[in-house]
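First the structure, in the form of structure tokens, and then the observations on it.
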Amino acid sequence: MAPSIALPFSAQSTSYQREVSAVPEAEVLRRRNEELEKELKKSLEREEKMKQELKKTWERLKVAEEAEERLCSQLGELEAEAVNQSRAYRTRVINLMEQLSVAQKLLQSTSISIPG
């Protein structure tokens, strides 16, 4: 028979306790790892959702900026049109004032007086 080394019972017991206590520790670590993986998955899902919301917001901003540019362009066209109308109105008023002045001089020269 081969020689064997006898270990005292207390040494065998300590080795067994390590194995028994190691199993729950491994189980605890496994569970913790699963929890962390779930949290990571949730975090990645939230991140993806935020990216999608950011993209939608960016698209809305782009649409708003384009609308602002169109409105500014339309406003510029309206201002130019208003200036042209104002100039035409002023020219018309000046022409009417000149006609009135000529008519008053004509009336004065023929000695017809207009009350007022």
Donor-acceptor pairs under 3.5 angstrom involving side-chain atoms of residues 70-85: please list them, not counting sequence neighbours.
{"unit_1": "E81", "atom_1": "OE2", "unit_2": "Q85", "atom_2": "NE2", "d": "3.4"}
{"unit_1": "N84", "atom_1": "ND2", "unit_2": "A80", "atom_2": "O", "d": "3.4"}

Do L36 and E39 have side chains that approach each other closer than 4.5 Å (heavy atoms only, starting at C-beta)? yes
To the nearest 0.5 angstrom, please state how far the CG atom of L106 sits from the CD atom of Q99. 13.0 Å
If we only count heavy atoms from C-beta on, is the V63 to R60 side-chain gap below 4.5 Å? no
Spacing of E59 atom CD and K62 atom NZ [to the nearest 0.5 Å]: 8.0 Å
May I have the step-by-step check of salt bridge (Lys or Arg N to Asp or Glu O under 4.0 Å) for R32 and E35, ending in yes or no? CA-CA 5 Å; R32 179 64 180 146; E35 291 173 6; 3.5 Å; yes
Carboxylate-amine/guanidinium proximity below 4.0 Å for E34 and R30: yes
Heavy-atom neighbours of E68 CD exceed 12 at 6.0 Å: no
Apply side-chain contact (heavy atoms from CB on, under 4.5 Å) to E45 and K49, showing your working. CA-CA 6 Å; E45 289 172 357; K49 184 178 179 181; over 6 Å; no
CD (E98) and CG (L100) are apart, to the nearest 0.5 Å, by 11.0 Å
Pairing of K51 and E47 as salt bridge, 4.0 angstrom limit: yes
Side-chain cluster (under 4.5 Å, hydrophobic types only) that W58 belongs to, other residues: L61
Criterion salt bridge (Lys or Arg N to Asp or Glu O under 4.0 Å) on E27 and R31, from CA distance to verdict: CA-CA 6 Å; E27 182 67 22; R31 287 181 185 165; 3.1 Å; yes
